[in-house]
2 protein chains.
Amino acid sequence: MPATIRDVARASGVHISTVSRTFSAPHLVNPDTRSRVLACAESLGYRPNRAARALITGRTHNMGLIVPDISNPFFPLLIKAAETQARQRDYHIFVTDTNEDPAVEEELVHALAKQVDGILLCSPRMSNSLIEQLSREVPLVVVNRQVAGLPSVVMDVGQGARLAIEHLVSLGHRDLALLSGPRGSWTSREIRRAATAAARAGGAELTVLGPNPPTERGGQTMAEQVRRAEVTAVLAYNDLMAIGLMEGLDSLGIAVPAEVSVVGIDDITLSRLTRPKLTTVANPTAAAGRAAVDMLLQQDGSWPGRVGRGATGTVPVDDRRTTAQVTLQTQLVIRDSTGPGPHGTADPGGAVAPFPEVVAS
Amino acid sequence: MPATIRDVARASGVHISTVSRTFSAPHLVNPDTRSRVLACAESLGYRPNRAARALITGRTHNMGLIVPDISNPFFPLLIKAAETQARQRDYHIFVTDTNEDPAVEEELVHALAKQVDGILLCSPRMSNSLIEQLSREVPLVVVNRQVAGLPSVVMDVGQGARLAIEHLVSLGHRDLALLSGPRGSWTSREIRRAATAAARAGGAELTVLGPNPPTERGGQTMAEQVRRAEVTAVLAYNDLMAIGLMEGLDSLGIAVPAEVSVVGIDDITLSRLTRPKLTTVANPTAAAGRAAVDMLLQQDGSWPGRVGRGATGTVPVDDRRTTAQVTLQTQLVIRDSTGPGPHGTADPGGAVAPFPEVVAS
DNA sequence: GTGAAAGCGCTAACAG
DNA sequence: CTGTTAGCGCTTTCAC
């Protein structure tokens with residue numbers, strides 16, 4: 001049987017409240033008593049029961065992380081970084097996978113609400129209004145999208161898309177295609193907006209093909225349409241689609257990058273391993289995971305929790321939470337899937353600096 | 001403020017214990033009362049607080065999943081499957097990454113022990129004795145290794161290695177190498193044992209090269225040694241290493257499979273995407289995740305928990321837990337990284353059946 | 001600096 | 001079938 005606070009109290013000859021203080025407010029207890037208690041606790045293998053503590057403090061020291069698909073290679077690094085960061089802050093993370101189903105996402109927020117101090121939500125599909133509503137039930141940090149009034153962490157995919165298009169234009173491409181992502185995805189919209197603008201600025205034509213599922217298969221099946229579009233370069237919503245597209249082009253006998261250049265977004269591990277190696281926009285997913293955790297913890301300070309005995313908890317009507325929106329820089333990684341286009345080429349150039357992390361607003 | 005059981009009781013004019021029963025033992029409450037309570041609960045948005053419930057029942061409805069490295073592509077599918085299965089059983093999973101550090105693993109078991117009903121432990125490095133000791137603190141299911149007396153889920157990598165070696169021998173290879181995995185890994189040991197036996201049975205020579213880190217880099221740096229060993233075929237501890245090896249051989253100007261055949265183990269998504277596509281032994285990782293969850297839940301039945309009011313909790317001295325060891329079948333997937341060897345070739349053959357799940361003992 | 005007492009939200013004997 | 005009562009393990013006023 002696991003030792004309880006009472007066992008420790010008995011063993012060290014003090015009242016349980018003293019033991020409690022020893023762990024939750026050590027400075028309030030006499031150093032001698034403290035060390036005695038600590039010694040007893042140690043020898044009994046005592047660890048405070050966080051669930052019991054949470055019941056009264058209102059802080060569980062847990063958080064939730066909801067992602068649409070763990071097996072999408074974009075996520076593991078984010079999860080890993082978030083988990084590591086959280087653990088350093090003495091938090092544990094419930095990781096949940098929703099299979100891209102918004103209904104499951106909503107249900108999960110409800111289900112987790114009571115057991116966590118907040119949730120990191122990667123939900124490209126859910127409506128803004130639903131997210132806002134859910135955020136009244138439990139602190140939320142949205143990842144990979146922005147929702148007015150809520151803290152969020154996004155990668156600057158707009159900038160990334162612009163870099164990619166500029167790269168292609170500078171290589172002499174004028175007929176470009178964009179394989180867009182899922183309908184309603186914030187990221188996809190941003191990419192499209194930025195890519196369109198960059199293409200116009202560069203005097204190039206951009207055909208948008210999609211929406212598409214954000215998978216390898218989603219890219220593969222688009223090869224035929226890419227051929228028909230008669231473009232010489234393609235930017236894909238993510239690496240998985242870009243890689244699928246390369247596969248598809250390959251079976252059509254179209255050479256990459258000789259006939260068509262391909263650029264992805266994300267820089268998943270896989271993108272270094274394909275032939276040709278994929279040129280892509282690197283997303284700082286690990287940094288995003290860390291940032292999301294820290295933003296949640298920061299927000300947590302201003303959340304009610306429980307307030308002593310009376311606990312006539314009124315939620316802060318005035319929504320004065322720190323509601324920062326973090327934007328992380330992306331970076332173009334030029335590999336082998338992009339080459340000169342029909343309209344002459346300039347030096348692609350572009351020294352690559354390490355990720356600066358930029359906070360906006 | 002989230003509604004509590006008391007709010008519901010007040011609203012529906014019954015005692016809180018009736019509300020409690022409505023949720024935890026519906027059959028004990030009058031259908032009319034029940035539906036009234038349910039209606040009130042619904043309209044108040046009431047959800048039972050699991051932490052509070054756990055305090056008294058001893059069941060948290062949470063479980064832990066400890067893996068060495070989430071970003072190793074072997075794990076995401078396992079995590080995803082485990083999470084999905086757990087959620088179907090109304091459980092949530094704490095996912096933790098230990099960065100391959102056994103000290104962290106041990107600490108995590110302690111830290112999670114109180115907040116979960118059990119832990120799925122993927123810890124190739126931890127000692128058996130430590131695992132046994134930890135299993136007295138919290139129910140454990142070990143994954144990818146076997147520990148006497150503990151429930152475990154393993155893939156039949158021995159069988160897999162045998163299939164791989166037989167495949168290579170049948171292709172006419174006689175000089176084989178095995179890139180072994182991390183020192184002390186149960187899986188690596190199994191593979192080595194089975195591969196050695198299969199090579200002997202096939203009249204082939206097997207050189208063991210390693211131990212190696214289970215990463216792409218681990219394989220890449222072995223290319224030189226593979227060349228020196230003058231073998232015509234290599235089996236790698238996992239796909240990541242196999243892929244790294246192919247990279248390494250490529251930079252050495254050694255053609256795969258023309259000069260050297262390469263076989264991996266795992267069948268991660270990536271292995272279909274390299275050139276040449278990797279021949280590999282498919283591991284049913286998703287099935288493993290599901291099986292592990294179910295075994296934990298099954299074991300949980302026989303674990304003490306809390307026992308009514310008195311709760312003079314004595315642990316079952318007699319260790320009569322169901323301690324099944326599940327072994328899941330593997331399957332050879334022949335792609336393009338293996339070809340004829342110098343000693344003539346037979347038809348590789350091998351119809352591929354869907355994974356049967358086999359329970360041993 | 002420490003003990004006493006109340007109670008977080010809930011469940012589980014036990015009466016009735 | 002439902003109400004009463006006694007806590008689960010812990011924190012937090014409030015006295016002393």
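Reminder, nothing fancy here: chain letters follow the sequence lines and each chain counts from 1. All values derive from a computational prediction rather than experimental measurement.
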Can a side-chain donor-acceptor contact be found between B/Arg50 and B/Asn62 if the only test is distance below 3.5 angstrom?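 No, because no side-chain N or O of B/Asn62 sits under 3.5 Å from a partner of the opposite role on B/Arg50.
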Any donor-acceptor pair under 3.5 Å linking the side-chain atoms of A/Thr96 with those of B/Glu83?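 No donor-acceptor contact under 3.5 Å links the two side chains.
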Nucleotide [N], atom [atom2] - distance to [atom1] of [X] in whole Å:
| X | N | atom1 | atom2 | answer |
| --- | --- | --- | --- | --- |
| A/Arg10 | C/dG3 | CZ | C1' | 16 Å |
| B/His61 | C/dC10 | NE2 | P | 15 Å |
| B/Leu55 | C/dG7 | CG | P | 17 Å |
| A/Gln115 | C/dC10 | CD | P | 12 Å |
| B/Arg50 | C/dC8 | CZ | C1' | 19 Å |
| A/Ile16 | C/dC8 | CD1 | P | 16 Å |
| B/Arg6 | C/dG9 | CZ | C1' | 7 Å |
| B/Ile56 | D/dC10 | CD1 | P | 15 Å |

Classify the ring geometry between A/His92 and B/Phe94 as parallel (under 30°), tilted (30 to 60°) or perpendicular (over 60°). perpendicular
Exactly one of B/Thr60, B/Leu296, B/Asp117 clears side chain to side chain contact (heavy atoms under 4.5 Å, CB included) with B/Tyr91, and that residue is B/Asp117
For A/Val14, which of A/Arg36, A/Arg34, A/Arg21 qualifies under side chain to side chain contact (heavy atoms under 4.5 Å, CB included)? A/Arg36
Evaluate the criterion salt bridge (charged side-chain N to carboxylate O under 4.0 Å, His left out) for residue pair A/Glu107 and B/Arg47; output intermediate values, then yes/no. CA-CA 12 Å; A/Glu107 172 50 27; B/Arg47 301 225 169 196; 3.2 Å; yes
Measure from the side-chain heavy atoms of A/Arg21 and tell me the nearest of C/dC10, D/dG3, C/dT2.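 Among the listed nucleotides, the one closest to the side chain of A/Arg21 is C/dT2.
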Has the side chain of B/Arg47 got a donor or acceptor that lies under 3.5 Å from a partner of the other kind on the base of C/dG9? no
Under 4.0 Å between a side-chain N or O of A/Thr18 and OP1 or OP2 of C/dG1? no
Residue whose closest nucleotide on DNA chain D lies nearer the 5' end, B/Val14 versus B/Ala52: B/Val14
Nucleic acid contacts - residues 33-46 of chain A versus DNA chain D, non-hydrogen atoms under 4.0 Å: A/Tyr46
Assign each of B/Ile5 and A/Val29 the nucleotide of DNA chain C bearing its closest heavy atom; nearer the 5' end lies the nucleotide of A/Val29
Taking the basic N atoms (NZ, or NE/NH1/NH2) and the acidic carboxylate oxygens, is any pair closer than 4.0 Å for A/Arg89 and A/Asp294?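 Yes, A/Arg89 and A/Asp294 are salt-bridged.
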Below 4.0 angstrom, N of the basic side chain to O of the carboxylate: do A/Glu100 and B/Lys80 qualify?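 Not counted as a salt bridge, because no side-chain N and carboxylate O are separated by less than 4.0 Å.
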Hey, does B/Cys122 have a side-chain heavy atom less than 4.5 Å from the side chain of B/Val67?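 Yes. Closest side-chain heavy atoms under 4.5 Å.
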Taking Watson-Crick (N1-N3 plus N6-O4 or O6-N4) and G-U wobble (N1-O2, O6-N3), each under 3.5 Å, can you produce the dot-bracket string of DNA chain D? Use [ ] for crossing pairs and | for inter-strand ones. ||||||||||||||||
Using a 4.0 Å heavy-atom cut-off across all strands, classify A/Ser17 as base, sugar-phosphate, or nothing. base
